[in-house]
Amino acid sequence: MNKDKLYEVRNIHTIKEMLIQSASIYPNNNAFLRKLKRGAEYTPVSYAQFKDDVWALGTAFNKIGLKDGKKIAVIGENRYEWVTSYLAAACGDTVFSPIDRELAAPDIQNLLKIAKVSAVVYSPKIAAKLEGVKEAVPEIEYLISMSEDDENCDYTVAGLIADGKAAIAAGDTTFENIEIDPEEAKIMLFTSGTTALSKGVLLCHRNICANLMAMCSMVDIKPDDTFLSILPPHHTYESTCGILAPLFRGSCVAFNDGLKYIPNNLAEAKVSVLLGVPAVFELLYKRIWAAARQKGIESKLKTGLKLSNFLRKIGIDKRRSIFASVHDTFGGKVRLFISGAAAIDPAVAKGFRDLGILFLQGYGITECSPIVTLNRDINYKDNAAGLPLNCLEVKIDNPNEEGIGEIICKGDNVMLGYYENEEETAKVIKDGWFYTGDLGYIDKDGFVIISGRKKNIIIDKNGKNVYPEELETFITKNDYVLECMVYAHEDENTFEIRAQVFPNMPEIEANLGKDVTDEQIQELMQSIVDEVNKRNPTWKYIRKVIVRKEEFEKTTTKKIKRYAKKNQE
């Protein structure tokens, strides 16, 4: 296939238009697979039923006064009621604002205050965090529970859907008649959880639709695909790519039971596509090889890889049959893994592909709705963040002698600005260009290569640039390391690069014994870092290694919080 040819996609201007089209084209397809309780079998929801539920909930929102641009916050785990509330709010006369359910109660209240929300749709799992929230945030009129059994709420989602369906049956067309302005701010997402740092990213339907059309023209998503929703839904990577993209293409979304149940849910739902972050895929990949060692078939698996790779060179692809046992552990249907949020070890991407699962990665940022670049299923590089979407331009600002500079972009998916914060907006949007804060370069084939975050860069005493993410990638390639963070330590007398390392104790104990000492672990971690140092010039050397007893504090997309106090020495 021509590597420059894009897949054909429908033209959409609003999310509401997208859902109307999909419900008309795929009325009987499964839009979702949900579990009414953990351990139960998956229950399907058709596209026609989902559209009816969204229309009913939107009608009910309107009837209780949630209109005229009022804001509706949604807080909860991956579940059907979360998605229904999202589309009902964003496609009605209201603004949708998703909140991270992992935040502490004071941080949730801070964001609700900033957003000036009128209603909170919440999961029972975070109900305790909302105690006293009406007193703390006077604008809140209603607490709406995702559970039918909640007695401490004003309404339930199920109850409102029932009320809305009755109203529609009686002739209420208020939601149906709401026309969405593609340029109007309808979605507010937060970049951080604390009052001092959080910025409300304002997106319009044009932003989201441009991203949907562009990404689906680059990767072939099919109506018979099933996605497994595992990432936090408040994050735009999941809500746009993991929920709206499959809805756009007539695919199905299955909700998972939790991260530790991913292998089970992949098999139960016969999943074909999984979106995740590097930590998830690296763990799955390590488990494949750990299971092979435990079963005594590691050498057989390696032999199979050699045979398969030889056959592929002469045009014969037998990966799915040779590695049928691996595919069976994932349900036998998985064809595509897509990773985002951070760079992944290229060896893991190639490893999955050698086993018969196509692996791609992309790069995005909330302010770009979120995708900026994406590897294609017919044109990819494992060390690259991908090619720019066709809805925007990407260039490198002020490149150094290595061609590395700040990645900036301009296009239909770039946000409208930060909510009530013109000063911060002006810092990142200049002459129409959005300054991402990420550093990288564009190679001869047009692929964008990420070097690291601008704010994380280490500049030594001689002005040399060190990108900590690069060193971290090399260190975590070792099976004995789970996580690490590279940073600069500086005081009155010292400037040196250091690394904190969280060891993979199960792997270490399996090979060195359960009686391994702290001193032996320190020596092992030091030897791993020494090997990384050997491949670098001296000014990139890591001079001190600190072994951690506990894992790093991380965001909900599994990124290490570099500046959290507990992550420092």
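Just so it is clear, the model here is predicted, and its values are computed rather than measured.
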Quick one: do Ile344 and Thr473 satisfy side chain to side chain contact (heavy atoms under 4.5 Å, CB included)? Show the steps, please. CA-CA 8 Å; Ile344 193 161; Thr473 297; over 6 Å; no
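- Of the charged side-chain nitrogens involved, at least one lies within less than 4.0 Å of a carboxylate oxygen, so that Asp220 and Lys222 count as a salt-bridged pair.
- Lys544 places none of its side-chain heavy atoms less than 4.5 Å from the side chain of His489.
- No donor-acceptor pair closer than 3.5 Å links the side chain of Ser22 to the backbone N or O of Leu19.
- Considering every non-hydrogen atom in both Arg10 and Met18, the closest pair reads NH2-O, 3.4 Å.
- Counting only distance, with no hydrogens or angles, the side chain of Glu470 and the backbone of Ser451 share no donor-acceptor pair below 3.5 Å.
- In this structure, Asn211 and Cys368 approach most closely via the heavy-atom pair ND2-O, 2.8 Å.
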What verdict does the ring pair (Phe, Tyr, Trp, His ring centres under 6.0 Å) test give for Phe552 and Phe502, after you've listed the backbone C-alpha separation in whole Å, the side-chain angles of each residue and the deciding distance to 0.1 Å? CA-CA 8 Å; Phe552 292 91; Phe502 180 52; 7.4 Å; no
Given the rule in the side chain to side chain contact (heavy atoms under 4.5 Å, CB included) test, do Leu33 and Thr43 qualify, once you have shown the distances and angles that lead to the verdict? CA-CA 5 Å; Leu33 293 175; Thr43 300; over 6 Å; no
I would like to know whether Ser46 and Asn28 meet side chain to side chain donor-acceptor pair (under 3.5 Å); could you show each step before the answer? CA-CA 5 Å; Ser46 71; Asn28 300 316; 5.7 Å; no
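- We find that Glu393 and Lys395 are not joined by a salt bridge, their nearest charged nitrogen and carboxylate oxygen being 4.0 Å or further apart.
- Side-chain atoms of Arg498 and Val545, non-hydrogen and from C-beta on, never get closer than 4.5 Å to each other.
- At least one donor-acceptor pair under 3.5 Å links the side chain of Ser369 to the backbone N or O of Asn413.
- Side chains of Pro233 and Ser239 form no contact here, defined as non-hydrogen atoms less than 4.5 Å apart.
- Taking CD of Glu469 as the start and CZ of Phe474 as the end, the distance is 12.5 Å to the nearest 0.5 Å.
- Asn207 places a side-chain N or O within donor-acceptor distance of the main-chain N or O of Asp412, the cut-off being under 3.5 Å.
- For the residue pair Gly258 and Asn256, the shortest heavy atom distance occurs at O-ND2, 2.8 Å.
- A salt bridge does not link Glu282 with Arg287: none of the charged nitrogens is closer than 4.0 Å to a carboxylate oxygen.
- Ile338 is linked by a side-chain contact (heavy atoms from CB on, under 4.5 Å) to Tyr237, Leu275, Leu336, counting only residues two or more places apart in sequence or in another chain.
- Identified under the side-chain hydrogen bond (donor to acceptor under 3.5 Å, both in side chains) test for residues 267-280, with sequence neighbours left out: Lys35-Glu268, Asp225-Ser272, Asn265-Glu268.
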Decide side chain to side chain contact (heavy atoms under 4.5 Å, CB included) for Asn30 and Phe50; before the verdict, give the C-alpha distance in whole Å, the side-chain angles of both, and the deciding distance to 0.1 Å. CA-CA 9 Å; Asn30 289 340; Phe50 176 57; over 6 Å; no
Please walk me through it: do Asp530 and Gln526 pass side chain to side chain donor-acceptor pair (under 3.5 Å)? CA-CA 6 Å; Asp530 287 344; Gln526 184 65 58; 3.0 Å; yes
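- For residues 294-307, no pair satisfies side-chain hydrogen bond (donor to acceptor under 3.5 Å, both in side chains), with sequence neighbours left out.
- Between Leu203 and Glu367, every side-chain heavy-atom pair lies at or beyond the 4.5 Å cut-off.
- A salt bridge between Glu507 and Lys286 is absent, with no side-chain N of the basic residue lying under 4.0 Å from a carboxylate O of the acidic one.
- Proximity of a side-chain donor or acceptor of Ser308 to a complementary backbone N or O of Gly304 within less than 3.5 Å is not detected.
- Taking 4.5 Å as the limit, every side-chain heavy atom of Val394 sits out of range of all side-chain heavy atoms of Lys410.
- In this structure a side-chain-to-backbone donor-acceptor pair under 3.5 Å is missing from Asp328 to Gly332.
- Taking the side-chain contact (heavy atoms from CB on, under 4.5 Å) definition, one finds that Pro98 meets it with Trp82, Phe96, Leu189, His234, sequence neighbours left out.
- Shown here are the ring-ring contact (aromatic ring centres under 6.0 Å, His included) partners of Phe352, two or more places apart in sequence or in another chain: Tyr285, Phe337, Phe359.
- Applying the 6.0 Å contact sphere to OH of Tyr435 captures more than 12 heavy atoms from other residues, nucleotides or ligands.
- Note that the CD1 atom of Ile221 and the OG atom of Ser251 stand 6.5 Å from one another [nearest 0.5 Å].
- Although no hydrogens or angles enter the test, the distance criterion places a donor-acceptor pair under 3.5 Å between the side chain of Asn478 and the main chain of Tyr480.
- Side-chain contact annotation: Thr476 with Glu483, donor-acceptor N/O pair under 3.5 Å absent.
- Looking at Met218 and Leu387, their side chains come closer than 4.5 Å, going by heavy atoms from C-beta outward.
- Closest of all the heavy-atom pairs between Phe255 and Leu228 is C-CD1, 4.2 Å.
- Nearest heavy atom pair, residue Val486 against residue Pro468, reads O-CB, 3.3 Å.
- Heavy-atom neighbours of Lys333 NZ from other residues, nucleotides or ligands within 6.0 Å: at or below the threshold of 12.
- Checking side-chain atoms of Asn29 against main-chain N and O of Tyr47 turns up no donor-acceptor pair under 3.5 Å.
- For Arg312, the salt bridge (Lys or Arg N to Asp or Glu O under 4.0 Å) partners at least two apart in sequence or on another chain are Asp354.
- Each of Tyr42, Phe227, Tyr80 was compared with Phe32 under the ring pair (Phe, Tyr, Trp, His ring centres under 6.0 Å) criterion, and only Tyr80 meets it.
- Of the listed residues (Val273, Leu374, Ile378), just one forms a side-chain contact (heavy atoms from CB on, under 4.5 Å) with Val219, and that residue is Leu374.
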Derivation of the side chain to side chain contact (heavy atoms under 4.5 Å, CB included) call for Val334 and Leu274: CA-CA 8 Å; Val334 171; Leu274 178 66; 5.9 Å; no
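- Two residues are said to be in side-chain contact when any heavy atoms from C-beta on lie closer than 4.5 Å; Ile316 and Lys318 meet this criterion.
- In this structure, Asn536 contributes its side chain and Val532 its backbone to a donor-acceptor pair below 3.5 Å.
- For Tyr541 against Ile497, the heavy-atom pair with the smallest separation is O-CB, 3.6 Å.
- Counting only heavy atoms from C-beta outward, the side chains of Ile15 and Tyr86 approach each other to under 4.5 Å.
- Checked by atom type, the side-chain pair Tyr441/Asn400 shows no donor-acceptor distance below 3.5 Å.
- Without hydrogens or angle criteria, Asn375 side chain to Gln361 main chain gives a donor-acceptor distance under 3.5 Å.
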